[in-house]
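Lettering of chains follows the sequences in order, A, B, ..., and the numbering in each one begins at 1.
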Protein chains: 2
Amino acid sequence: MAKKRGNDAAKSGNSSSEKGEPASKKLKSNSVQEKTSSTEASETFHSEAVTNSGEKWNFKIVSWNINGLRAWLQNDGHSIIAKEDPDVICLQETKCSKDKIPEAALNVPGYKSYFMSAEKEGYAGVAVYSKVAPLSIAYGVSDGEHDKEGRAITLKFEDFYLVTAYVPNSGRGLVTLDKRLNWDAIFLKYLQELDKEKPVIMCGDLNVSHHEIDLANPKTNRKNAGFTQEERDGFTKLLEAGFVDSFRHFYPKKENAYTFWTYMRNARAKNVGWRLDYFVVSERFKESLCDSLIRSWVMGSDHCPITLLIHTKMARSS
Amino acid sequence: MAKKRGNDAAKSGNSSSEKGEPASKKLKSNSVQEKTSSTEASETFHSEAVTNSGEKWNFKIVSWNINGLRAWLQNDGHSIIAKEDPDVICLQETKCSKDKIPEAALNVPGYKSYFMSAEKEGYAGVAVYSKVAPLSIAYGVSDGEHDKEGRAITLKFEDFYLVTAYVPNSGRGLVTLDKRLNWDAIFLKYLQELDKEKPVIMCGDLNVSHHEIDLANPKTNRKNAGFTQEERDGFTKLLEAGFVDSFRHFYPKKENAYTFWTYMRNARAKNVGWRLDYFVVSERFKESLCDSLIRSWVMGSDHCPITLLIHTKMARSS
DNA sequence: CGTATGACG
DNA sequence: CGTCGTACG
């Protein structure tokens, strides 16, 4: 039977505490706003977010670039599933061929699991766990070259498509920028095709920080992978095609909000980071959004998980 | 000026405590023999050993397969030099090209250093540190193929040659047994040539356990690298050519005396080991030997160091 | 800096 | 199991 969520998660305090500048987002009148002033994230997974029309969230999606499934398991990254209890969790950079996926990752109680690995050992790879079995599932983006690299999985649900992607990194010295720009074009078309049928929720490591606000050192990274004009333009083009950066939808001016910190130079402790991970949704799906959150305190990878809270009317069983 | 040793090292207790079955070796009458019964090594570097004719040791040589110079430095293997204060220390498997040797290993106060690295990065390689500058030094064994792999250094001293060697491993499935047997023949000739001129002290990782007593699991290793009949025969041939296994000279029946334990299966804690490291000397040099010791408690590699105590009449400065 | 390979032991 | 190398990020 369909289960309502959001309600039962109600507790005192800390809801919406990540919101520096709530924008198009309505806050519940009784929400506690302490800890709201700084850029600090509160270390809770609780939220009472609602849609613009006041419907409480009842479906949660997590996305996380885990930088190696096996290391992530050892680092207890896995525990995010118990803590967030998401309906769907999408993982990028599993770096693990299918036959080497540990039992604990293959069979997660309560979830169906889907994997797409790269041909190259220990490279790229994505995975999805879903409580609800999708109507159908598709691997890749229908491109011979990109699909060798295990970069996308699409789940068709009743009222939306969910696509998770690990977008090609342009590399040191931008040696693979061409591959990346080729992906951007192909991927946009892919999303547009899906969008003709149903609203799309696309999430993952998009390997770009869109604007200066989206990384700690915009000035010095203009020529570096993840902040070249070409990559930024690719993202702009995506939004212009009728999609929305859900985090900026809720927090248009929030600074110091990142999802990736290089392991080098103690960057995470200093919050010298990049926002590379996104939930991007079809324009018309905005009305179903309740919140878009960055779990910046969650360790286990050089990226942190991000969480999307939505209200869906589709039947859900768990 | 020449400095006498052995004497000044005198302390109470624990001398000769490694000796399970003292054989051709004379014990000092006042030596304490507690801890002598078991196979346990006492954790001391002290000794008052003398030659058959009663001359105290005054020259100490250490040999150690360190399994990676840089890791060994990090594991504080380096501290053996302060603890043993050897006149010469020979290292095998430095796994480090010359240009990558850390400063701390290049310049050891009180020692001259000599390195022979393999062409292949991170493979094999040997090194020698000596307080006394040798009369001359030679790298390799005058063989084009073997000498690409950085496997031997020869130091010419007044009254002996010191050769250190890292003998080729025959490999899993004995894939490089041929290379190994080729080495054995070439190396034996090389030693015999030196032996014509002066007595030879040869030390290092010979990658063979000679007899069943020299490894924990002789039955199951008959077909494995380090205990094949061919490798054992090679060692027998070396001894038949007029050389002596100094450890067996002193301890002909001592069991459970090993110098290598695989990192796998907790082998070292269980003393499931192999005696692969040796001091082999010219027959006529026996009269200069004071002791041949295994420092089985010294950590920092999957091998432990071994120590040779000799009496030399050559002038020594320090 | 850290997760992956693969060679070697 | 652990130390190397290289690729990748």
Peer 1: Quick one: does A/Cys90's side chain get under 4.5 Å of A/Leu162's, heavy atoms only?
Peer 2: yes
Peer 1: Atom CD of A/Glu231 to atom P of D/dG9: distance rounded to whole Å?
Peer 2: 12 Å
Peer 1: Starting at CD of A/Gln74 and ending at P of C/dG2, how long is that distance when rounded to a whole Å?
Peer 2: 14 Å
Peer 1: Counting heavy atoms not belonging to B/Lys223, are there more than 12 under 6.0 Å from its NZ?
Peer 2: no
Peer 1: Taking CD from B/Glu93 and P from C/dG9, how many angstroms apart are they, rounded to a whole number?
Peer 2: 7 Å
Peer 1: Would you mind building the protein contact string for nucleotides 1-8 of chain D? One character per nucleotide, 5' to 3', B for base within reach (heavy atoms under 4.0 Å), S for sugar-phosphate only, - for untouched.
Peer 2: BSBSS--S
Peer 1: Using the six-membered ring wherever Trp is involved, compare the ring planes of B/Trp183 and B/His146 and label them parallel, tilted or perpendicular (cut-offs 30° and 60°).
Peer 2: perpendicular
Peer 1: Tell me every residue that passes side-chain contact (heavy atoms from CB on, under 4.5 Å) with A/Asn217, counting only those two or more places apart in sequence or in another chain.
Peer 2: A/Thr220, A/Asn221, A/Val272
Peer 1: Could you tell me which residues satisfy side-chain hydrogen bond (donor to acceptor under 3.5 Å, both in side chains) with A/Lys179, sequence neighbours excluded, listed by chain and number?
Peer 2: A/Tyr123, A/Glu149
Peer 1: Got more than 12 heavy atoms from elsewhere within 6.0 Å of CD, B/Gln74?
Peer 2: no
Peer 1: Roughly, in whole Å, what's the span from CD1 in A/Ile66 to P in C/dG2?
Peer 2: 17 Å
Peer 1: Tell me the interatomic distance from A/Asp205, atom CG, to D/dG9, atom C1', rounded to whole angstroms.
Peer 2: 10 Å
Peer 1: Using whole Å, report how far CG of A/Leu73 lies from C1' of C/dA4.
Peer 2: 14 Å
